[in-house]
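Everything below concerns the one structure shown next.
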Amino acid sequence: MPDFTDEPWLAEDTAQLRLYALTGGRTRPARALGLVSRVRAAPGLAPSTVDRLGPESAQVLELCGREPRSVAEIAGRLGVPVQVTKILLSDLLDSHVLVPALPPREADGSDPLLLEAALEGLRSL
């Protein structure tokens with residue numbers, strides 16, 4: 001029988017357990033997102049929507065609130081693996097908290113980032 005009067009269980013491996021919990025055990029995102037795929041916060045989010053977000057999702061929303069951010073940049077700033085970041089972003093895109101960031105209309109058509117964004121958009125159809 002376990003003794004529940006002991007100190008709370010803390011281990012050095014809790015960060016790895018946390019990542020698994022972040023994704024709900026999923027290993028693949030529902031959406032095709034590349035490293036250079038950019039997202040931004042959806043305009044006009046209700047405060048109740050923001051209040052329901054987990055800490056990592058709220059941090060993503062804060063990062064993307066001022067300007068669009070790439071998947072790689074968000075992963076680096078959160079300090080979590082890219083695949084976990086893609087799953088978080090995919091969930092936020094599905095819940096309309098984030099939207100894909102489109103390049104400006106006057107963008108150069110030969111820009112590799114623009115071409116990558118177009119490819120990502122076609123893949124998501």
Side-chain angles (χ1 to χ4, degrees):
M1 183 116 197
D3 182 13
F4 294 107
T5 59
D6 292 341
E7 293 290 320
W9 178 71
L10 297 174
E12 295 175 4
D13 296 334
T14 55
Q16 293 178 357
L17 295 173
R18 179 81 172 121
L19 293 177
Y20 180 81
L22 280 177
T23 63
R26 294 170 291 156
T27 58
R28 296 179 190 273
R31 293 176 176 245
L33 295 169
L35 286 175
V36 295
S37 298
R38 294 170 20 124
V39 295
R40 63 179 173 84
L45 282 175
S48 61
T49 303
V50 177
D51 291 342
R52 286 184 283 154
L53 297 176
E56 292 79 12
S57 296
Q59 194 174 0
V60 168
L61 182 61
E62 184 179 325
L63 285 171
C64 299
R66 294 187 187 132
E67 61 183 298
R69 305 275 183 177
S70 71
V71 171
E73 184 178 1
I74 294 168
R77 290 184 183 248
L78 290 179
V80 298
V82 170
Q83 193 68 9
V84 172
T85 303
K86 286 180 178 180
I87 294 170
L88 285 174
L89 295 178
S90 181
D91 291 347
L92 291 171
L93 286 166
D94 288 343
S95 61
H96 307 287
V97 173
L98 296 178
V99 294
L102 301 175
R105 288 187 179 260
E106 64 273 2
D108 179 14
S110 62
D111 182 7
L113 291 177
L114 174 64
L115 296 174
E116 179 70 26
L119 182 60
E120 294 291 332
L122 291 172
R123 285 182 181 156
S124 66
L125 295 177

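Only heavy atoms go into these numbers, but all of them, side chains included; no hydrogens, no water, no symmetry mates.
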Looking at Thr27, is its backbone amide N or carbonyl O close enough to the side chain of Gln83 to form a donor-acceptor pair, meaning the two atoms are under 3.5 Å apart?
yes

Partner of Val80 under side-chain contact (heavy atoms from CB on, under 4.5 Å), picked from Thr23, Ile74, Thr85, is Thr85

Any donor-acceptor pair under 3.5 Å from Lys86 side chain to Pro29 backbone:
no

Which pair of heavy atoms, one from Ser37 and one from Gly34, lies closest together, and at what distance?
OG-N, 2.8 Å

Just do the side-chain contact (heavy atoms from CB on, under 4.5 Å) check on Leu98 and Val60 with the steps written out, would you?
CA-CA 9 Å; Leu98 296 178; Val60 168; 3.9 Å; yes

Here the gap from Ser57 atom OG to Arg52 atom CZ, rounded to the nearest 0.5 Å, amounts to 12.0 Å

Closest contact, heavy atoms only, Val84 versus Leu19:
CG1-CD2, 4.2 Å

List in chain and number order the residues that pass side-chain contact (heavy atoms from CB on, under 4.5 Å) with Ala30, two or more places apart in sequence or in another chain; answer none if no residue qualifies.
Ser90, Asp94

Can you name the residues that form a side-chain hydrogen bond (donor to acceptor under 3.5 Å, both in side chains) with Arg26, not counting sequence neighbours?
Asp91

How close do Ser95 and Leu92 get, counting heavy atoms only, and between which atoms?
OG-O, 3.2 Å

Ile87 and Leu53: same hydrophobic cluster, using ILVMFWY side-chain contacts below 4.5 Å?
no

Pairwise salt bridge (Lys or Arg N to Asp or Glu O under 4.0 Å) hits with a residue in residues 65-82, at least two apart:
Glu67-Arg69, Arg69-Glu73, Glu73-Arg77

Same apolar cluster: Leu89 and Leu35, side chain cutoff 4.5 Å
yes

If you look at every heavy atom in Val99 and Ala41, which pair is closest and at what distance?
CG2-O, 4.2 Å

Nearest heavy atoms of Arg123 and Ala32, plus distance in Å
CB-CB, 4.4 Å

